[in-house]
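What follows is a single structure, written as structure tokens, with notes after it.
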Amino acid sequence: MTTEATSVYIVDDEKSMRIAVSQWLALDSYEVKSFARADAALADLSDQFNGVLVTDLRMPGMDGLELMHRVLAIDAQIPVVVITAHGDIPMAVSAMRDGAYDFIEKPFEPEILLETVRRAGEKRRLVLENRTLKKLLDKSTGIERNLLGTSETIQFIRQEITELGPTDASVFLIGETGVGKEVVARCLHEVSPKRDGSFVAINCGAIPETLFESELFGHEAGAFTGALTRRIGKFEKAAGGTLFLDEIHSMPTALQVKVLRVLQEREIERLGSNTPIAIDIRIISSINGDPRQACETGRLRADLFYRLNVAEIEIPPLRQRGSDIILLFEYYAMQAAERYGRELPVLGAGCLQALMSHPWPGNVRELKNVAERYVLSSLPPQQRLTHILHHCTADQQTASCSLASQTAEFERTLIEQSLKRHRGNIGAILAELDLPRRTLNQKMNNHGLSRRNFLGGDKSDE
Ligand SMILES: Nc1ncnc2c1ncn2[C@@H]1O[C@H](COP(=O)(O)OP(=O)(O)OP(=O)(O)O)[C@@H](O)[C@H]1O
Ligand SMILES: [Mg+2]
């Protein structure tokens with residue numbers, strides 16, 4: 001989210017040191033500002049600072065420790081790296097205890113400083129990103145807070161909710177498992193005139209057929225064997241509110257007829273009673289799949305479908321909503337980090353790519369679990385995601401985020417595809433990939449590829 005370059009403020013009374021450090025950092029594309037005095041640096045800092053403060057400890061006027069305390073008073077999460085004189089360990093310890101991000105002992109190699117600044121800068125970037133995300137959530141309306149996402153599709157769906165919510169129209173939701181159908185149903189309820197009534201969800205796929213009718217309509221005591229006391233059904237419970245018929249196609253067809261009648265007559269009778277009860281409810285239904293096909297195969301009665309489908313909202317799978325993936329992942333990872341009191345590891349470029357290329361068959365529900373496991377994992381941050389995603393699906397994933405393993409994976413794919421294309425014809429593969437035979441043999445061995453698995457057609461060239 002934050003894209004501008006990381007700043008580094010360097011505070012040192014020694015000019016040669018300021019120049020040297022500024023040059024190293026500038027070469028690494030940091031925006032460097034150097035200060036000879038601590039008070040000048042302090043005057044230039046705020047809680048918006050996107051960067052790292054590197055300061056010498058012993059300086060005339062305000063010293064490095066005092067500067068650090070005053071900076072941390074502005075924002076306790078600004079990383080301060082202190083530079084200590086050789087052997088000045090007590091001071092370094094005291095700085096660390098008081099909240100320094102790290103210390104570096106003079107003299108030091110440029111690499112040490114660059115590596116420390118890089119880590120500190122990433123941490124700061126994440127802190128600022130989380131703050132932006134939190135602010136965004138605080139400012140957002142109910143729908144935006146519950147149905148997160150910046151993709152065009154989600155924006156469009158939010159618009160539809162705003163338009164349809166206030167009407168009493170029955171809405172039919174279509175989408176794969178875990179895409180957020182129930183979230184959308186609740187949003188529709190929240191912006192409807194019936195929001196003070198209950199939102200009652202019934203998962204039609206989870207109720208045994210024999211219990212379905214009494215679950216929906218309720219029953220009087222003695223209505224059937226085992227009906228010892230009166231029971232209020234879901235229709236009545238949702239009176240004045242919204243009834244969400246989840247997975248409507250799993251409802252027994254005989255019952256679909258009865259539901260249709262309720263919708264037409266706007267009244268129900270409990271089992272074992274002849275007294276009609278008027279009900280005023282809003283109905284939202286959902287299906288995981290194509291409703292028209294369900295009508296064709298007879299699982300969903302067409303007359304009921306057209307009654308329920310006054311308006312239709314289709315929620316596309318997560319893999320088609322690229323920009324939502326990272327946002328939702330960061331959101332759920334942040335929540336998990338807060339809940340479990342864990343550090344939130346920085347998402348490197350490789351991890352972002354792994355998230356974007358994962359197929360997410362379980363959609364947002366799966367992503368939420370992955371984000372949680374990512375935060376709780378004890379593996380190094382770069383390995384966590386690929387490890388978790390690997391276990392999510394048998395789909396081919398980049399084996400790790402490192403360049404070497406991505407290159408190896410790419411090489412393996414090229415050779416494998418060539419093997420497939422030429423059905424194991426080594427001569428053709430050698431020509432296509434322009435490789436000496438020994439190299440190809442070696443690489444196939446390394447990648448565990450066997451020519452035998454691709455044979456077909458021409459087998460002459462062994
Ligand atoms: N756009 C979103 N913003 C925030 N959370 C979301 C979003 N979409 C889905 N979720 C979360 O993902 C999980 C699955 O969502 P939900 O239960 O609404 O999916 P569903 O389509 O009803 O799935 P199923 O078909 O399996 O019942 C929930 O925890 C929900 O809070
Ligand atoms: Mg659901």
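First listed ligand is number 1; within each ligand, the first listed atom is number 1.
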Pairs satisfying salt bridge (Lys or Arg N to Asp or Glu O under 4.0 Å), at least one member in residues 341-357, at least two apart
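Every candidate salt bridge (Lys or Arg N to Asp or Glu O under 4.0 Å) pair involving residues 341-357 fails, so no pair, neighbours aside, qualifies.
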Would you say that more than 12 heavy atoms from the other residues, nucleotides or ligands in this model lie under 6.0 Å from the CG of N445, or not?
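Yes - once you tally the heavy atoms of other residues, nucleotides and ligands closer than 6.0 Å, there are more than 12.
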Where L148 and R158 come nearest, the two heavy atoms and their spacing:
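Distance-wise, the nearest heavy atoms are C-NH1, 4.0 Å.
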Set of residues satisfying side-chain contact (heavy atoms from CB on, under 4.5 Å) with respect to A254, sequence neighbours excluded
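For A254, no residue satisfies side-chain contact (heavy atoms from CB on, under 4.5 Å) once neighbours in sequence are set aside.
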Less than 4.0 angstrom from a charged side-chain N to a carboxylate O is my criterion; do R131 and D47 meet it?
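Salt bridge between R131 and D47, a charged N being under 4.0 Å from a carboxylate O: no.
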Not counting sequence neighbours, which residues clear salt bridge (charged side-chain N to carboxylate O under 4.0 Å, His left out) with E220? List them please.
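Salt bridge (charged side-chain N to carboxylate O under 4.0 Å, His left out) check on E220 returns R230, R270.
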Which protein N or O atoms sit under 3.5 Å from any N or O of ligand 1? Give each pair with its distance.
from: ligand 1; atom 1: 1 (N); to: L148; atom 2: N; distance (Å): 3.4
from: ligand 1; atom 1: 1 (N); to: L148; atom 2: O; distance (Å): 3.0
from: ligand 1; atom 1: 3 (N); to: N146; atom 2: O; distance (Å): 3.4
from: ligand 1; atom 1: 3 (N); to: L148; atom 2: N; distance (Å): 2.9
from: ligand 1; atom 1: 5 (N); to: Y332; atom 2: OH; distance (Å): 2.6
from: ligand 1; atom 1: 17 (O); to: R365; atom 2: NH2; distance (Å): 3.3
from: ligand 1; atom 1: 18 (O); to: K181; atom 2: N; distance (Å): 3.4
from: ligand 1; atom 1: 18 (O); to: E182; atom 2: N; distance (Å): 3.0
from: ligand 1; atom 1: 18 (O); to: V183; atom 2: N; distance (Å): 3.1
from: ligand 1; atom 1: 19 (O); to: G180; atom 2: N; distance (Å): 3.2
from: ligand 1; atom 1: 21 (O); to: V179; atom 2: N; distance (Å): 3.3
from: ligand 1; atom 1: 21 (O); to: G180; atom 2: N; distance (Å): 3.1
from: ligand 1; atom 1: 21 (O); to: K181; atom 2: N; distance (Å): 2.8
from: ligand 1; atom 1: 21 (O); to: K181; atom 2: NZ; distance (Å): 3.0
from: ligand 1; atom 1: 22 (O); to: E182; atom 2: N; distance (Å): 3.2
from: ligand 1; atom 1: 23 (O); to: G178; atom 2: N; distance (Å): 2.8
from: ligand 1; atom 1: 23 (O); to: R365; atom 2: NH2; distance (Å): 3.2
from: ligand 1; atom 1: 25 (O); to: K181; atom 2: NZ; distance (Å): 2.6
from: ligand 1; atom 1: 26 (O); to: T177; atom 2: OG1; distance (Å): 2.6
from: ligand 1; atom 1: 26 (O); to: G178; atom 2: N; distance (Å): 3.4
from: ligand 1; atom 1: 26 (O); to: R365; atom 2: NH1; distance (Å): 2.9
from: ligand 1; atom 1: 26 (O); to: R365; atom 2: NH2; distance (Å): 3.2
from: ligand 1; atom 1: 29 (O); to: K368; atom 2: NZ; distance (Å): 2.7

